[in-house]
A.B. asks: 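Can you read through this structure? Questions will come right after.
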Amino acid sequence: IPRCGLPAARLAGSANLGGFAYQAPARAAACYPVAGHPSLVRYRARGRTVTILGSGAALTNGKLAANGNAALALNLLTAHRRIVWLTPEPALRPASAPPGGRPVTSGHAAPSLIPWQAWLLVIQLGIAVMLLALWRGRRLGPLISEPLPVIVRASETVEGHARLYQSRRARDRAAAALRDAMLSRVLPVLGLVRDSPAAAVTGALAARSRLGQPVISSIIYGPAPATDADLVRLARSLDELERQVRSQ
């Protein structure tokens, strides 16, 4: 029973409302009371008409033909050009109070909008994903050693690097690799480290070879070879200098 002066409710008469019960603000139409509080509230706020229903059962297809539900739905909805439909979330918090009234609060917590069957499906999918991860994530066994399928000789490796340098005309890289390799073998014999000054390195090499210090400096720290023939001469000079140092 409406028990209010709202024309839409008085024309509709009895309706299947209920559900939420609200505390109506001042100057608001409060209809269809449940336990002393209305389940339909309508008021004006900021130039708009706000209508709050405690239950949407009267607007469903199953209940639309019962009592005055159809008349109530038409009277409430057809009077406005634009309608914003709001479905409350569970555990509604108090809304902002309209001008000159108290906040509109819900009488009890709203039910969950997601059905339990959907949660069951999500739980089943989660269990399936976990089982799939356990099946695919097999534990790794201990490390084992296996013989190499092919034994590559050191000479073939050197020739392969040389062909790569030659195809890219990387004479500067090849010369730097030859010089670094020679120094890494000779410096420990001279009692020097890799970061030793160039003057100390050339002086120690000159003391144990027949070459002068300027010649050794050009071999060790000279510019990159301009041609392949210059690169071959540099390699031979490095070999000869290393042989002289080690023979002393």
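Nothing here was measured: the structure is a model prediction, and the numbers come from that model.
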A.B. asks: To the nearest 0.5 angstrom, please state how far the CZ atom of R42 sits from the SG atom of C4.
C.D. replies: 10.0 Å

A.B. asks: About how many Å separate CG of L132 and CD1 of I127, when rounded to the nearest 0.5 Å?
C.D. replies: 13.5 Å

A.B. asks: How many angstroms lie between CZ in R163 and OG in S167, if you round to the nearest 0.5 Å?
C.D. replies: 10.5 Å

A.B. asks: S217 side chain to Q213 main-chain N or O, any donor-acceptor pair under 3.5 Å?
C.D. replies: no

A.B. asks: Do the charged groups of D228 and R169 touch, with an N to O distance under 4.0 Å?
C.D. replies: no

A.B. asks: Closer than 3.5 angstrom, by distance alone: can the side chain of S39 be matched with the main-chain N or O of Y32 as a donor-acceptor pair?
C.D. replies: yes

A.B. asks: Any side-chain heavy-atom pair from Y165 and R173 closer than 4.5 angstrom?
C.D. replies: yes

A.B. asks: So, the side chain of R27 versus the backbone of R44: is there a donor-acceptor pair under 3.5 Å, distance only?
C.D. replies: no

A.B. asks: So which atom in A181 and which in S184 form the shortest heavy-atom distance, rounded to 0.1 Å?
C.D. replies: O-OG, 2.7 Å

A.B. asks: If Ile, Leu, Val, Met, Phe, Trp and Tyr residues are connected whenever their side-chain heavy atoms lie under 4.5 Å apart, and connections chain through other members, are V232 and I220 in the same group?
C.D. replies: no

A.B. asks: Closest approach of V245 and R208, non-hydrogen atoms and distance?
C.D. replies: O-NH2, 3.4 Å

A.B. asks: Answer yes or no: are there more than 12 heavy-atom neighbours, outside Q166 itself, under 6.0 Å from its atom CD?
C.D. replies: no

A.B. asks: At what distance, to the nearest 0.5 angstrom, does CG of L178 lie from OG of S237?
C.D. replies: 11.0 Å

A.B. asks: Is any side-chain N of the basic residue among R236 and E240 closer than 4.0 Å to the acidic one's carboxylate O?
C.D. replies: no

A.B. asks: Is it true that atom CZ of R153 has more than 12 heavy atoms of other residues, nucleotides or ligands lying nearer than 6.0 Å?
C.D. replies: no

A.B. asks: Looking at I216, L192, V193, which hits side-chain contact (heavy atoms from CB on, under 4.5 Å) with V201?
C.D. replies: L192

A.B. asks: Do the non-hydrogen side-chain atoms of L241 and V215 ever get within less than 4.5 Å of each other?
C.D. replies: no

A.B. asks: If I take atom CG from residue L187 and atom CG from residue D180, how far apart are they, to the nearest 0.5 angstrom?
C.D. replies: 10.0 Å

A.B. asks: Any sub-3.5 Å donor-acceptor pair from Q244's side-chain atoms to R210's backbone N or O?
C.D. replies: yes

A.B. asks: Mind checking whether L238 and I219 have side chains closer than 4.5 Å, heavy atoms only?
C.D. replies: yes

A.B. asks: Measuring from D239:CG to L234:CG, what's the distance to the nearest 0.5 Å?
C.D. replies: 9.5 Å

A.B. asks: Between R171 (side chain) and A226 (backbone), is there a donor-acceptor pair under 3.5 Å?
C.D. replies: yes

A.B. asks: Between Y43 and T51, is there a side-chain heavy-atom distance shorter than 4.5 Å?
C.D. replies: no

A.B. asks: Between V189 and M182, is there shared hydrophobic-cluster membership here, with clusters defined by ILVMFWY side-chain heavy atoms closer than 4.5 Å?
C.D. replies: no

A.B. asks: For T157, does its backbone N or O pair with a side-chain atom of H161 as donor and acceptor, under 3.5 Å?
C.D. replies: yes

